[in-house]
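Notes to accompany the following structure.
Residue numbers start at 1 and run along the sequence shown. Order of listing sets the numbers, starting from 1, for every ligand and every atom in it.
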Amino acid sequence: MNPPPHHPYHPRAWAEVDLAALRQNLDAARRHFGGDLMAVIKADAYGHGLARVASALDGRVRFLGVATLDEAAAVREAGVRGDIFLLGPSLAEERAEFVRLGVTPSISSVEEAAGFDRIGRTRGAPVRVHLMVDTGMGREGIPPAELADAWEKIQSLDGLDVEGIATHLPSADEDAAFTTGQLARFRETAASLGGPGRFRWIHASNSAGLLAHPGAGCTLARPGLLLYGVPPVSPPGGAESPLSPVMRLMARVTLVRTLPADHGVSYGRDFITSRETRVATVGIGYGDGYPRSLSGTGAEVFVRGRRLPVIGRVTMDQIMIDATTHPEVAPGDDVELFGPNIPVTEIARRAASIPWAILTGITRRVSRVHR
Ligand SMILES: *Cc1c(COP(=O)(O)O)cnc(C)c1O
């Protein structure tokens, strides 16, 4: 592989980011949902690089979804003109800046609505907002018991243009029955406040919701994970996923040695060689976000067209793999930690984690190489 353009030399560990795959996954999501999309790009676009991902999606989606003020500012700095949506509640002192950046906030309380209303009245143009209702997530949004009162107050605020109504699904990947009921309650709630005639945007679904409950009576969906090519749930009947992984986490073999039988490998000497073993050292570790909890789980990497097992504990900067059966493995070889050949879902399962956390856990030390 050629060195990435911004590197004078080939890096030790890097993440290839395939922006064509990102757009294919977006198209797959659009076909499946049938409505408009908000692309969720919080947390550095799930570790894929916020500015590059935002630019690649700008003009192809109705909204880009962010979690923080810094993320919204970075998206604008990347030259994105399209609508940005704030997925969670805002702090009082952040609100003027959100409005200045042209961010559409979700509103989780009357206090928050009143804050944006003041800003809207001061600048003489209403702030576009979406009403967030809590139909089961327990994290944000107006609780059902308070909704009627809150809506009466919020509706009367001239400084707001409430163009959307939204909720969030806590169990779309785990509990289909609950989610079906929740979506029905959300539709009723939206209808009771005016429905599609009153709200241009009605949205509830994350990736799992979009896949398991397409449409769902909504006009907008908010996929994150699936855009990055990772299925939040296994496709039914073991079918092949139509998604392509966007990130391929790579590192290089730095050293290959033969150790005798009965030799410890890595900290704690959890792993002891049972035979003469060709041990390849690879330049990636938990300091790069390769999970330490993979230690001793039988995790595999992909090198020279083969899967080889990680042996011993994952250290901060290095891991060891057993290359005894593959004498051709040599220093300088490229190693895939996850990507097209090793699904990140497999890594997450072995690490007792979730793919969202693995992707967002890849640290800054890993250069992102966009294609
Ligand atoms: C993060 C987030 C999403 C995207 O979730 P995925 O499971 O990655 O698709 C959607 N909506 C809200 C409110 C979120 O916080």
Side-chain angles (χ1 to χ4, degrees), residues 22 25-26 28-30 32-33 35-48 50 53-54 57 61-69 71-72 75 83-90 98 103-109 112 129-142 164-176 178-179 182-183 186 190 201-214 216 218-235 241-243 245-247 344-345 348 353-362:
L22 176 77
N25 297 331
L26 179 71
R30 201 189 308 283
H32 199 79
F33 178 61
D36 278 306
L37 296 181
M38 172 187 306
V40 177
I41 57 167
K42 60 193 180 187
D44 199 31
Y46 291 41
H48 292 67
L50 183 61
V53 168
L57 296 174
V61 290
R62 296 314 280 252
F63 291 92
L64 294 170
V66 303
T68 72
L69 190 53
E71 289 170 0
V75 171
D83 283 327
I84 301 175
F85 184 76
L86 176 63
L87 293 157
S90 60
F98 274 123
V103 173
T104 305
S106 56
I107 296 291
S108 280
S109 69
E112 197 175 9
V129 303
H130 295 198
L131 183 72
M132 194 75 168
V133 297
D134 191 345
T135 57
M137 178 66 186
R139 185 177 71 177
E140 70 252 304
I142 299 177
I165 183 166
T167 195
H168 192 43
L169 309 175
S171 296
D173 51 350
E174 292 172 20
D175 190 339
F178 176 83
T179 305
Q182 189 190 4
L183 286 167
F186 175 57
W201 305 114
I202 301 179
H203 50 112
S205 281
N206 50 8
S207 297
L210 186 158
L211 291 175
H213 310 266
C218 293
T219 60
L220 186 71
R222 306 186 304 263
L225 192 71
L226 81 78
L227 299 180
Y228 306 102
V230 183
V233 285
S234 320
S241 165
L243 306 169
V246 175
M247 185 187 289
V344 67
T345 46
S353 182
I354 54 173
W356 295 261
I358 304 293
L359 291 173
T360 57
I362 302 304

Worksheet item: Heavy-atom contacts under 4.0 Å between Met132 and ligand 1: side chain, backbone, both, or neither?
Response: neither
Discussion item. Tell me whether Leu225 has any N or O atom under 3.5 angstrom from an N or O of ligand 1.
Written reply: yes
Item to complete: Could you tell me whether the side chain of Ser106 and the main chain of Leu86 form a donor-acceptor pair under 3.5 Å?
Response: yes
Worksheet item: Among all protein non-hydrogen atoms, which one is nearest to atom 10 (C) of ligand 1, and what is the separation to 0.1 Å?
Response: Arg222 O, 3.4 Å
Worksheet item: ligand 1 versus Pro223, non-hydrogen atoms closer than 4.0 Å: side chain, backbone, both, neither?
Response: backbone
Worksheet item: So, the side chain of Ser207 versus the backbone of Gly224: is there a donor-acceptor pair under 3.5 Å, distance only?
Response: yes
Worksheet item: So which of Ile41, Val53, Thr360, Leu22 actually passes side-chain contact (heavy atoms from CB on, under 4.5 Å) with His48?
Response: Val53
Discussion item. Using only atom types and a distance under 3.5 Å, with no angle test, would you say the side chain of Arg222 pairs donor to acceptor with the backbone of Ala204?
Written reply: yes
Item to complete: Working to the nearest 0.5 Å, report the span between CG of Asp44 and CD1 of Ile362.
Response: 11.5 Å
Worksheet item: Any idea which atoms of ligand 1 are less than 4.0 Å away from a heavy-atom of Lys42?
Response: 1 (C), 2 (C), 3 (C), 14 (C), 15 (O)
Worksheet item: Applying a 4.0 Å heavy-atom criterion (strictly less than), which segment of His168 is in contact with ligand 1: side chain, backbone, both, or neither?
Response: side chain
Worksheet item: Does ligand 1 have an atom under 4.0 Å from some heavy atom of His203?
Response: no
Worksheet item: What protein heavy atom is closest to atom 9 (O) of ligand 1, reported as residue, atom name and distance in Å?
Response: Ser207 OG, 2.5 Å
Worksheet entry | N/O separation below 3.5 Å, Gly224 to ligand 1 | yes
Discussion item. Run Val40 and Tyr46 through side chain to side chain contact (heavy atoms under 4.5 Å, CB included) and show every step you take.
Written reply: CA-CA 9 Å; Val40 177; Tyr46 291 41; 3.7 Å; yes
Fill in: His203 side-chain N/O to Ala166 backbone N/O, donor-acceptor pair under 3.5 Å
no
Discussion item. I need the atoms of ligand 1 closer than 4.0 Å to a non-hydrogen atom of Asn206, numbered in the order shown.
Written reply: 5 (O), 6 (P), 7 (O), 9 (O), 10 (C)
Worksheet, complete the sentence: So CG of Leu64 and CG of Asp83: to nearest 0.5 Å the spacing works out to 9.0 Å
Practice prompt. Would you mind checking which non-hydrogen protein atom is closest to atom 7 (O) of ligand 1, with the distance to 0.1 Å?
Written response: Trp356 NE1, 3.1 Å
Worksheet item: For ligand 1, which atoms have a heavy atom of Arg139 less than 4.0 angstrom away?
Response: 13 (C), 15 (O)
Worksheet item: Just by distance, do the side chain of Gln182 and the backbone of His168 share a donor-acceptor pair under 3.5 Å?
Response: yes
Worksheet item: Does any N or O atom in Tyr46 lie less than 3.5 angstrom from one in ligand 1, N or O only?
Response: yes
